[in-house]
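Just so it is clear: chains get the letters A, B, ... in the order the sequence lines come, proteins before strands, and each one is counted from 1.
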Number of protein chains: 2
Amino acid sequence: MSRIREHNRELIIQAASEIFADQGYAATKIIEIANRAGLPKPNVYYYFKSKENLYRSVIESVIDPLLQAAQPFYEDDDPATVLEQYIIAKIKVSQQHPHASKVFASEIMHGAPHLPEDIAEKMMEQTIQSSNKIQSWVDRGLMDRVDPHHLLFTIWAATQTYADFDWQISRVTGKDNLSQQDYDTAAQQLTQLILKGCGVQTSKAAKAG
Amino acid sequence: MSRIREHNRELIIQAASEIFADQGYAATKIIEIANRAGLPKPNVYYYFKSKENLYRSVIESVIDPLLQAAQPFYEDDDPATVLEQYIIAKIKVSQQHPHASKVFASEIMHGAPHLPEDIAEKMMEQTIQSSNKIQSWVDRGLMDRVDPHHLLFTIWAATQTYADFDWQISRVTGKDNLSQQDYDTAAQQLTQLILKGCGVQTSKAAKAG
DNA sequence: CGGCATCTTAACTCCGCGGTCAACAATAAC
DNA sequence: GTTATTGTTGACCGCGGAGTTAAGATGCCG
C-alpha cells in the first residue's frame with residue numbers, strides 16, 4: 001500500500017463520514033465527497049469500488065471507538081464505578097466522533113441494512129455481557145431491581161443524543177457547539193441521575209477494599 | 001373537498017409516513033408509496049404536487065400528537081406528577097406513532113432541512129416553558145439542582161428511543177414487537193429513574209392540599 | 001535515462017426516479 | 001338525458017447521479 005494510496009483513502013473516508021453523517025446514505029452524492037476531499041470523482045471509485053463499499057469502509061473505520069466505550073464493564077465490578085465510567089466514555093464518543101455516531105444512528109434507525117453481521121454480533125455480545133453484569137448487581141442487592149435492558153436503552157439514548165440530535169441541542173442551548181464544560185456537565189448530571197435513580201450503593205470502600 | 005379526495009389523501013399519507021420512516025426521505029421512491037397505498041403513481045402527484053410537498057404533509061399530519069405530549073407541563077405544577085405524566089405521554093407517542101417519531105427524528109438528525117419554521121418555533125416555545133417550570137421547581141427546592149436542558153434531553157432521548165431505534169430494541173429483547181406490558185415497564189422504570197434521580201419530592205400532599 | 005506501476009482526469013454511458021401529459025372513466029349537477 | 005368537474009391511467013420526458021473508460025501524468029525502480 002503506497003503512501004499516496006493510504007493518504008487519499010484517509011482523506012476520502014474522512015470526507016465521506018462527514019457527509020454521510022450529515023445527509024444520510026441515499027442523499028449523499030459521491031461528487032460531494034470528492035469535492036470535500038479535494039479530489040476528482042473517479043478517484044473515489046479508484047480507491048473504493050462503489051458507494052456501498054465506501055460506506056461500509058466508513059462504518060468499519062469507526063467501529064473501534066464505539067466498541068471501546070464498553071470497556072468499563074470488563075474492567076471493574078463496582079456498579080458506581082462502571083456506570084460512571086461507561087457514561088463518561090459514551091459521551092466522549094459523542095463528542096469526539098460525532099460523525100461516526102450519526103452514521104451509526106441513522107443506520108440503525110433504518111434497520112441496519114448495511115451493517116455487517118459480524119459487527120452486529122459483536123455489539124450484541126457486549127450487550128449481553130453488560131446486561132448480565134447489571135443483573136448480577138441487582139441480584140447482589142447493590143442497586144434497585146431495574147430491568148438491565150431498559151437501563152441500557154436509557155444510557156445509550158441519553159449519551160448518543162448529544163451527537164445524533166446536535167441540531168436540536170444547538171437550538172435549545174443557543175450555542176453552535178457545546179463546550180468541554182457542557183459535555184462535562186452532561187456526563188456528570190447523567191451519572192448522578194442514573195446512580196441515584198437506580199439506588200446504586202456508591203461504595204468506594206468496595207473498590208478500595 | 002370530495003370524499004374520494006379526502007380518503008385517498010389519507011391512504012397516501014399513511015403509506016408515505018411508513019415508508020419515509022423506514023427508509024428516509026431521499027431513499028423513498030414515490031412509486032413505493034403508491035404501491036403501498038394501492039394507487040397508481042400519478043395519483044400521488046395528483047393529490048400532492050411533489051415529493052417534498054407530500055413529505056411536508058406527512059410531517060404536518062403528525063405534529064399534533066408530538067406537541068400534545070407536553071400538555072402535562074401546562075396542567076399541573078407538581079414535579080412528580082408532571083414528569084411522570086410527561087414521560088408516560090412521550091412513551092405513548094413512541095408506541096402509537098412510531099412512524100411519525102422516526103420521520104421527525106430523521107429530520108432533526110439531518111438538521112431539519114424540511115421542517116417548517118413555525119413548527120420549529122412552536123416546539124422551541126414549549127421547550128422554554130418546560131425548562132422554566134423545571135427551573136422554578138429547582139429554585140423552590142422541590143428537586144435537585146439539575147440543569148433543565150440536560151434533563152429534557154435525557155427524557156426526550158430515552159422516550160423516543162423506543163420508536164427510533166426499534167430495530168436495536170428488537171434485537172436486544174428478542175421480540176419483534178414490544179408488548180403493552182413492555183411499554184408500561186419502560187415508562188414506569190424511566191419515571192422512577194428520573195424522579196428518584198432528581199430527588200423529586202413526591203409529595204402527593206402538595207396536590208391534595 | 002528507460003520501463004513499469006500507480007495515480008489522475010475529462011468525457012462518456014446508463015438507468016432509475018421525479019415529474020408530466022393527454023386521453024379516458026366516473027361522478028355530480030342540472 | 002347533457003354537461004362540467006373530478007378522478008384515473010399508461011405512456012412518456014429529462015435530469016442527475018452511479019459507475020466506466022481510455023488516455024495521459026506522475027511517481028518509483030534500475
Side-chain angles (χ1 to χ4, degrees), chain A residues 1-61 103 106-107 110-111 113-116, chain B residues 1-61 103 106-107 110-111 113-116:
Chain A
M1 177 105 65
S2 81
R3 294 284 154 60
I4 296 176
R5 187 173 186 80
E6 208 163 339
H7 177 66
N8 281 351
R9 279 182 64 99
E10 259 173 44
L11 278 181
I12 293 168
I13 284 190
Q14 178 57 29
S17 70
E18 289 172 21
I19 299 191
F20 279 136
D22 215 52
Q23 325 211 5
Y25 178 81
T28 294
K29 301 162 208 169
I30 296 292
I31 199 166
E32 286 183 271
I33 295 174
N35 287 341
R36 177 159 312 193
L39 293 166
K41 182 176 77 156
N43 276 36
V44 176
Y45 285 96
Y46 176 68
Y47 290 113
F48 303 86
K49 291 177 192 170
S50 66
K51 183 181 182 181
E52 175 130 7
N53 199 42
L54 171 56
Y55 183 72
R56 263 204 291 270
S57 298
V58 166
I59 288 187
E60 275 163 20
S61 80
V103 173
S106 197
E107 177 69 12
H110 299 126
H114 306 280
L115 196 68
Chain B
M1 176 101 69
S2 82
R3 295 284 152 60
I4 295 175
R5 186 170 188 81
E6 208 164 337
H7 177 67
N8 282 352
R9 280 183 63 99
E10 259 172 46
L11 278 181
I12 293 168
I13 284 190
Q14 178 57 28
S17 70
E18 289 172 20
I19 298 190
F20 279 136
D22 216 52
Q23 325 212 3
Y25 179 79
T28 295
K29 303 163 206 166
I30 296 293
I31 200 165
E32 286 184 89
I33 294 174
N35 287 342
R36 177 159 311 194
L39 293 166
K41 183 176 76 155
N43 276 35
V44 175
Y45 285 96
Y46 176 68
Y47 290 113
F48 303 86
K49 290 177 192 173
S50 66
K51 184 182 183 180
E52 174 130 7
N53 199 43
L54 170 56
Y55 183 73
R56 263 205 290 272
S57 298
V58 166
I59 288 187
E60 275 163 19
S61 81
V103 173
S106 196
E107 176 69 13
H110 299 126
H114 305 280
L115 195 68

Report the distance from atom [atom1] of [X] to atom [atom2] of [N], rounded to the nearest whole Å.
| X | N | atom1 | atom2 | result |
| --- | --- | --- | --- | --- |
| B:L11 | D:dT8 | CG | P | 10 Å |
| B:R9 | D:dT6 | CZ | P | 15 Å |
| A:L54 | D:dG19 | CG | P | 10 Å |

Side chain to side chain contact (heavy atoms under 4.5 Å, CB included) partners of [X], counting only residues at least two apart:
| X | answer |
| --- | --- |
| B:P40 | B:P42, B:N43 |
| A:S106 | A:H110, B:M109, B:H110 |
| B:N8 | B:I4, B:L11, B:L39, B:Y47 |
| B:Q23 | B:I19, B:A27, B:T28, B:E32 |

What closest approach, in Å, do [X] and [Y] show between heavy atoms, and which atom pair accounts for it?
| X | Y | value |
| --- | --- | --- |
| A:I13 | A:S61 | CG2-OG, 3.7 Å |
| B:I33 | B:A15 | O-CB, 3.7 Å |
| B:V103 | B:S17 | CG2-O, 3.9 Å |

Quick one, which residues of residues 34-45 of chain A touch DNA chain D with a heavy atom under 4.0 Å?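 Hits under 4.0 Å, by residue number: A:K41, A:P42, A:Y45.
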In residues 22-32 of chain A, what residues come within less than 4.0 Å of DNA chain D, judged by heavy atoms?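 Those residues are A:T28, A:K29, A:I30.
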Please check the phosphate of [N] (OP1 and OP2 only) for any side-chain N or O of [X] closer than 4.0 Å.
| X | N | answer |
| --- | --- | --- |
| B:R5 | D:dG7 | yes |
| B:Y47 | D:dT6 | no |
| B:N8 | D:dT6 | no |

For residues 17-28 of chain B, which residue pairs qualify under salt bridge (charged side-chain N to carboxylate O under 4.0 Å, His left out), counting only residues two or more places apart or in two chains? B:E18-B:R36
Sorted by first residue and then second, give each salt bridge (charged side-chain N to carboxylate O under 4.0 Å, His left out) pair with at least one member in residues 45-61 of chain B; sequence neighbours left out. B:E52-B:R56
Assign a letter to each nucleotide of nucleotides 25-30 of chain D from its 5' end: B, base within under 4.0 Å of a protein heavy atom; S, sugar-phosphate only; -, no contact. ------
For B:Y55, enumerate each residue passing the ring pair (Phe, Tyr, Trp, His ring centres under 6.0 Å) test, keeping only those at least two apart in sequence or located in another chain. B:F20, B:Y25, B:H114
Working to the nearest 0.5 angstrom, can you tell me the gap between A:F48 CZ and A:S57 OG?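 The OG atom of A:S57 is 5.0 Å from CZ of A:F48, to the nearest 0.5 Å.
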Distance from A:I30 atom CD1 to A:N35 atom CG, nearest 0.5 Å? 11.5 Å
Boundaries of the chain B footprint along DNA chain C (any atom under 4.0 Å from a heavy atom):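 Nucleotide range with atoms under 4.0 Å of chain B: C:dC17 to C:dC21.
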Involving DNA chain C, stems made of at least three consecutive Watson-Crick or G-U pairs, both distances under 3.5 Å: C:4-30 with D:1-27
